[in-house]
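Only one structure is covered here, and it is reproduced in the block below.
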Amino acid sequence: MTVEPEPQLRRIWADILDLPEHDISPGDSFLSLGGDSVLAVRTAALVRRRLGVVLAMSDIPVHHTLADLAAVVRERGAVRAADVPDLTVARRDDPLAPFPLLPLQQGYFVGQQDGWELSYESAHHYADLGLTGVDGDEAAEALRDALHRLAAHQPALRARILPDGSQRILDLDAPGAIPSLTVHDWRALDPEEAVRELAGLRAAMRAHGPDPATGPGIDLRLSLLPGGRGRLHSSMSLLLVDGWSSGVFHRDLFAFAADWNAVLAPLDIDFGDYVTAVQRLPETPQWQADHDWWWQRLDTFPQPPALPLAAEPDAVRADVMRSLETRLAPERWARVQERCRAHGVTPSAAALAAYAVALARTAGHRRFLLNSLQLNRLPLHPDVHRMVGAFSSTVLLPVELPERASFAVLARDLQALTGEALAHNLVSGVEVSRELARRWGTTRPVAPVVFQSTLGVDAAMGSAVPEEAGPLGRIDLADHRQELRTPQVAMEGRLYEARDELVIVLSLVEELFHAADVERLFATFTTLVRSLETPEGWESTCDLPVALDPDGGLRLGARPRATTGQDGGPPRDEVEQAVADCWRELLGLPERDRLDRAAEFFALGGDSLVAIRMLARLARAGLPQVTPRAFLAAPTVAGLAAAIRAKR
Amino acid sequence: MPAELPSRDDLQLVRRVLEGLPGVGGAQVLLIADGSEAAVSALVSDGRPPPEPSIPTSPPARLGAGGAHVVPGCLAAMDRAAVMAIAHTLHTVGSFCDVVEEGVEEGAEKAADALGAVPRHRWIVRRWLAALASENLPVPPSRPELARAMRDLDAARQELGYPAGMGRFFQAALRSLPRLVRDEITLQSLLFAGGGTSTAQGNYRDNLISRHLNRAAAEAVAARAPARVLEIGAGVGATTEAVLAAVGEVDYLFTDVSAFFLDAARERFARHPGLRYACLDINAPMALDERPFDVVLAANVLHNARHAGRTLAAIRELLAPGGALVLIESCVEHHLVSASMHFLMSPRADALLPGFADVRQGQDRVFLDRAEWTRQLAAAGYRDVRVEPAPDDPLAAAGQYVFTAARGERHPDPAPLLSKAAEALPPHLAPREIHTVDALITDRSHRP
Ligand SMILES: C[S@@+](CC[C@H](N)C(=O)[O-])C[C@H]1O[C@@H](n2cnc3c(N)ncnc32)[C@H](O)[C@@H]1O
């Protein structure tokens with residue numbers, strides 16, 4: 001639906017030129033009404049803000065009439081339709097002021113605290129890309145210059161996470177604000193040595209990601225190799241940079257490096273402005289409706305796929321996630337897409353169906369909860385898609401597969417399921433999971449099996465990574481490696497496109513699973529996707545386990561582990577009293593209610609972020625510091641007090 | 001559609017008529033804007049020798065206490081970066097060697113063609129070639145050299161106290177030179193990115209040089225203990241802010257040619273009761289429906305005058321007896337300015353009037369130098385001209401000065417001349433305004 005822009009534009013001119021609206025007719029030029037080129041800049045800004053349409057300055061010469069401007073606006077963008085909540089994103093008065101973390105950022109933040117099952121010292125995404133024909137003398141400086149410009153252009157690259165679980169953007173002039181580039185010059189080494197160095201660098205960057213609590217959220221390296229080759233290595237904290245942003249980052253970085261003269265259209269808002277705006281989501285009727293929708297369904301949600309385990313998740317301490325990868329050549333991938341179109345199914349939905357079938361067969365049952373990572377951003381402002389930031393969220397998918405059905409039917413069902421869930425995405429999967437954990441009485445991850453597809457993101461971003469980048473030479477996207485390490489994830493199926501190839505990846509915490517199961521699961525997943533290039537692949541029947549729900553054994557799950565129960569009653573000593581007082585204050589519990597020593601923190605309304613803050617606060621008050629891990633073993637007043645006493 | 005402009009001959013005719021009137025020794029005639037039309041304006045002198053220039057009683061104050069010693073080095077780094085960017089820009093269109101091979105004049109034409117420069121910005125390309133010639137760059141800069149120059153620019157920017165946004169602006173401008181000369185983007189869109197004025201404030205307020213100058217200007221205003229102040233071209237209000245802090249309660253008329261700045265100032269100075277706002281163009285008749293002012297303040301705006309002498313004379317008429325004019329002006333054309341702010345000075349493609357009509361005519365320059373302003377002020381009927389900072393002050397490297405001048409007292413009312421001229425001339429040539437001045441500056445010998 002488009003809206004006729006002229007009345008709005010008339011209002012904008014009236015505001016800027018301080019004229020009554022009825023004095024402005026469609027044939028009047030901006031100039032004749034008293035406008036000038038400075039005021040034209042203002043027009044562009046207001047058109048962006050009010051109509052969500054981005055105009056280049058060349059679109060609005062001062063002699064344009066109102067009718068001309070309306071025509072340009074109509075052409076530049078269908079005026080935003082009305083199903084998005086009515087939140088305006090505006091620049092904050094103080095761009096350096098702290099702002100909250102978005103739900104998924106909170107999840108990652110908590111996941112770095114080494115308390116919850118499957119946590120790591122850092123959540124990050126590592127990638128390296130092949131370069132050929134590198135100008136070894138110019139590349140480093142060109143890249144440094146590009147990085148500097150990018151840090152100025154994308155404020156989120158200057159963000160830091162604060163100890164209380166909030167974040168802020170540093171001024172460009174603040175020490176350490178601009179991420180630095182490290183150059184590894186291995187041009188003079190013989191090829192084998194260079195390969196060894198490369199492997200060493202990769203291993204180090206995979207294991208240790210940047211920590212945005214103490215420095216930039218991104219670590220960028222350039223390795224210069226013999227024969228005019230090179231690689232660009234980046235490691236980005238998921239706390240600050242999501243998958244979409246990583247695409248934006250590389251695209252912008254290469255654009256800057258390629259051309260000293262490149263200037264990108266300025267961003268009117270930053271990530272903090274967006275976060276600040278979405279804090280008001282709960283006040284909108286759309287959010288309320290989504291909230292009700294999820295809360296009404298939650299009690300029917302199944303457990304995660306009960307994959308057979310080789311070890312208990314809370315006993316596993318992994319450094320890296322293992323990845324299996326396979327690729328589909330451009331022609332085959334094009335045929336798969338063609339068949340998807342014919343069946344009215346998106347390639348992402350088809351891949352999800354293949355993944356679900358593989359999971360069901362390995363887990364031995366057909367009903368389970370999946371977690372789908374969503375790169376979507378709420379289109380609250382026309383610049384949102386061009387920004388770097390941690391916008392991502394998740395959406396929970398309660399999958400229930402039929403016992404026998406053709407693949408086409410499965411794909412369509414899952415597409416419908418995903419579509420329905422996404423239609424209620426104003427409440428993120430992270431928030432839904434938190435409520436689910438509360439209802440299940442568990443502190444374990446409720447949906448540790450993840451699906452992620454970034455197919456189509458390039459198109460949404462508006463452009464892809466260029467083929468060439470000046471002194472950096474040619475960018476060989478097909479020659480790239482990626483690693484992901486996300487907390488609270490046991491297994492993740494991922495699809496993305498590199499140039500015209502399809503890449504299918506399965507990342508997992510290796511220590512958790514039996515190798516044979518993993519191989520089989522990956523083979524099923526990829527064989528199914530490959531089979532989709534022929535009509536038969538779609539018609540064939542997928543046989544699935546008879547069981548709807550899992551039976552026993554050592555399996556992946558989210559049910560609470562048995563904890564030693566405590567006797568109820570009032571706090572028994574001053575440590576318990578101190579804990580109770582702290583909880584009462586942080587959770588805003590009424591004074592008069594007696595806090596039972598057996599009361600559970602999460603049942604009282606606490607969440608993981610508040611838990612981190614609570615533990616820090618008790619430590620500041622002079623009590624011994626208890627780790628989240630020790631706290632989670634018994635998250636009650638008495639349990640925490642016991643952990644504190646044990647430390648003394 | 002405005003009527004055709006009066007020709008050169010028409011203006012000669014007006015001059016001869018004026019010079020034939022009793023009491024007129026010499027006249028100078030030019031066009032000004034009057035609404036959407038052009039109108040005739042004239043300066044007349046009685047032919048008596050101008051009064052002896054008055055010698056200031058105390059030497060000019062030094063402004064540069066505290067950190068100003070870094071100014072020369074920083075400005076050199078900034079100019080260096082600009083020259084590098086200019087060289088790179090010319091190099092990308094194959095015109096880097098044009099200066100060497102063809103000289104500045106011819107080379108500039110070729111370079112402007114190669115860049116696809118629009119006519120209104122070609123004078124800027126000519127400035128660039130002159131800049132290149134003066135800096136003697138043997139070869140175009142490499143990417144690493146450019147990157148280093150940009151880093152040095154940014155370090156200098158920081159050292160001079162400009163905020164980060166100003167650094168972004170400089171860099172955006174330098175990297176956008178090809179698009180700027182082609183008018184594919186405007187400098188305004190870089191300077192007022194997102195519709196805000198914070199970058200411009202960085203340029204006129206939040207830096208070492210402007211802080212000193214604004215404070216000096218504010219002290220000069222406050223020293224007069226004015227009851228009524230008129231500010232011209234007040235823009236982002238950087239000087240306004242300093243003055244308001246220095247003077248007590250005043251009636252302060254804040255003016256600018258663009259309503260954009262009046263809006264922003266209304267918000268910004270909402271808590272100051274004495275402020276009033278109006279549009280005022282220094283290239284149009286300036287008579288205001290106002291009582292005379294004790295001080296007129298014009299910071300970084302008078303170089304926008306088509307004819308400096310005429311605007312100075314028109315301002316003098318707004319002053320009360322004993323009143324003073326306080327000016328801030330740039331008197332040196334830094335290369336960085338030629339690669340940024342000068343884009344604001346190109347005439348609009350649909351401009352009513354051609355470029356400068358004073359000593360700057362046909363010279364590809366915007367600023368008058370220090371001596372020229374002093375001379376212009378004396379000729380336009382001001383006395384006791386003072387200039388700060390002193391030449392040996394490190395701050396003088398910035399090439400920006402505060403001029404203070406008092407209204408002179410021997411200027412007969414031009415009204416009788418206006419009516420006599422109207423009788424003698426066809427209506428479209430009858431002067432819209434006549435200003436009596438102490439001397440006419442007609443020579444162009446005074447080139448910098
Ligand atoms: C370089 S800015 C200086 C701003 C301010 N005075 C300061 O120093 O902070 C020049 C200002 O002069 C104004 N200006 C330009 N041409 C003018 C004219 N013909 N008459 C009056 N003001 C003009 C511009 O709109 C702008 O605000």
Side-chain angles (χ1 to χ4, degrees), chain A residues 15-19 31-32 34-49 56-58 60-63 91 95 135 137-146 148-149 152-153 158 170-174 177 256-257 259-269 383 470-471, chain B residues 36 84-85 88-89 92 141-151 154 157-158 162-165 167-168 171-180 182-198 200 235 256-264 266 279 344 348-350:
Chain A
D15 288 352
I16 290 178
L17 301 169
D18 201 15
L19 293 171
L31 195 61
S32 71
D36 57 27
S37 45
V38 181
L39 289 168
V41 178
R42 190 94 176 278
T43 306
L46 284 185
V47 169
R48 262 186 201 204
R49 204 163 307 149
M57 287 313 296
S58 54
I60 42 173
V62 287
H63 56 260
R91 269 176 201 266
D135 179 336
D137 297 327
E138 299 222 335
E141 279 299 334
L143 195 57
R144 241 178 225 125
D145 182 49
H148 194 131
R149 288 145 80 192
H153 179 65
R158 295 180 260 127
L170 298 183
D171 185 73
L172 200 50
D173 286 344
F256 280 142
D259 181 1
W260 185 85
N261 289 110
V263 174
L264 300 173
L267 297 165
D268 269 357
I269 53 162
D383 284 347
Chain B
S36 58
M84 296 279 218
H88 176 76
T89 302
T92 53
S142 66
R143 281 294 291 273
E145 281 173 318
L146 276 169
R148 264 193 300 280
M150 290 303 124
R151 266 206 298 281
D154 208 55
R157 181 274 301 168
Q158 266 194 59
Y162 287 99
R168 293 189 64 180
Q171 295 229 9
L174 293 181
R175 295 180 197 266
S176 303
L177 294 179
R179 289 177 291 273
L180 285 165
R182 289 197 281 268
D183 252 348
E184 288 167 5
I185 57 166
T186 63
L187 194 80
Q188 282 91 338
S189 69
L190 303 179
L191 189 56
F192 302 104
T197 57
S198 60
D256 199 280
V257 71
S258 175
F260 172 79
F261 296 108
L262 303 185
D263 284 353
R266 264 189 205 104
C279 270
L344 300 176
R348 266 207 323 245
D350 57 355

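Naming convention: chains lettered A, B, ... in sequence-line order (proteins, then strands); numbering from 1 in each chain.
Only the side chain of B:Arg157 comes within contact range of chain A, with at least one heavy atom under 4.5 Å from a heavy atom of that chain. If you measure heavy-atom distances from A:Leu17 to chain B, you find no contacts under 4.5 Å at all. Contacts of A:Ala139 with chain B are absent, with no heavy-atom separation under 4.5 Å from either backbone or side chain. With a threshold of 4.5 angstrom between heavy atoms, B:Arg143 approaches chain A through its backbone and through its side chain. Contact annotation for A:Asp135: neither backbone nor side-chain heavy atoms come within less than 4.5 Å of a heavy atom of chain B.
Between chain B and the options A:Leu264, A:Asn261, A:Val263, the largest number of non-hydrogen pairs under 4.5 Å is found for A:Asn261. Annotation: maximal heavy-atom pairing with chain A below 4.5 Å, among B:Met150, B:Gln158, B:Gln171, occurs at B:Gln158.
Here B:Arg175 pairs with A:Asp145 in a salt bridge; the nearest charged N to carboxylate O distance falls below 4.0 Å. Of the charged side-chain nitrogens involved, none lies within less than 4.0 Å of a carboxylate oxygen, so that B:Asp154 and B:Arg151 do not count as a salt-bridged pair. Checked for salt-bridge contact, A:Glu141 and A:Arg144 meet the test: a charged N lies under 4.0 Å from a carboxylate O.
Between atom CZ of residue B:Phe260 and atom CD1 of residue A:Ile16 there is a gap of 9.0 Å, rounded to the nearest 0.5 Å. Taken to the nearest 0.5 Å, the CZ atom of A:Arg158 stands 4.5 Å off from the CG atom of A:Leu172. Atom CG of B:Leu190 and atom OG of B:Ser176 lie 5.0 Å apart (nearest 0.5 Å).
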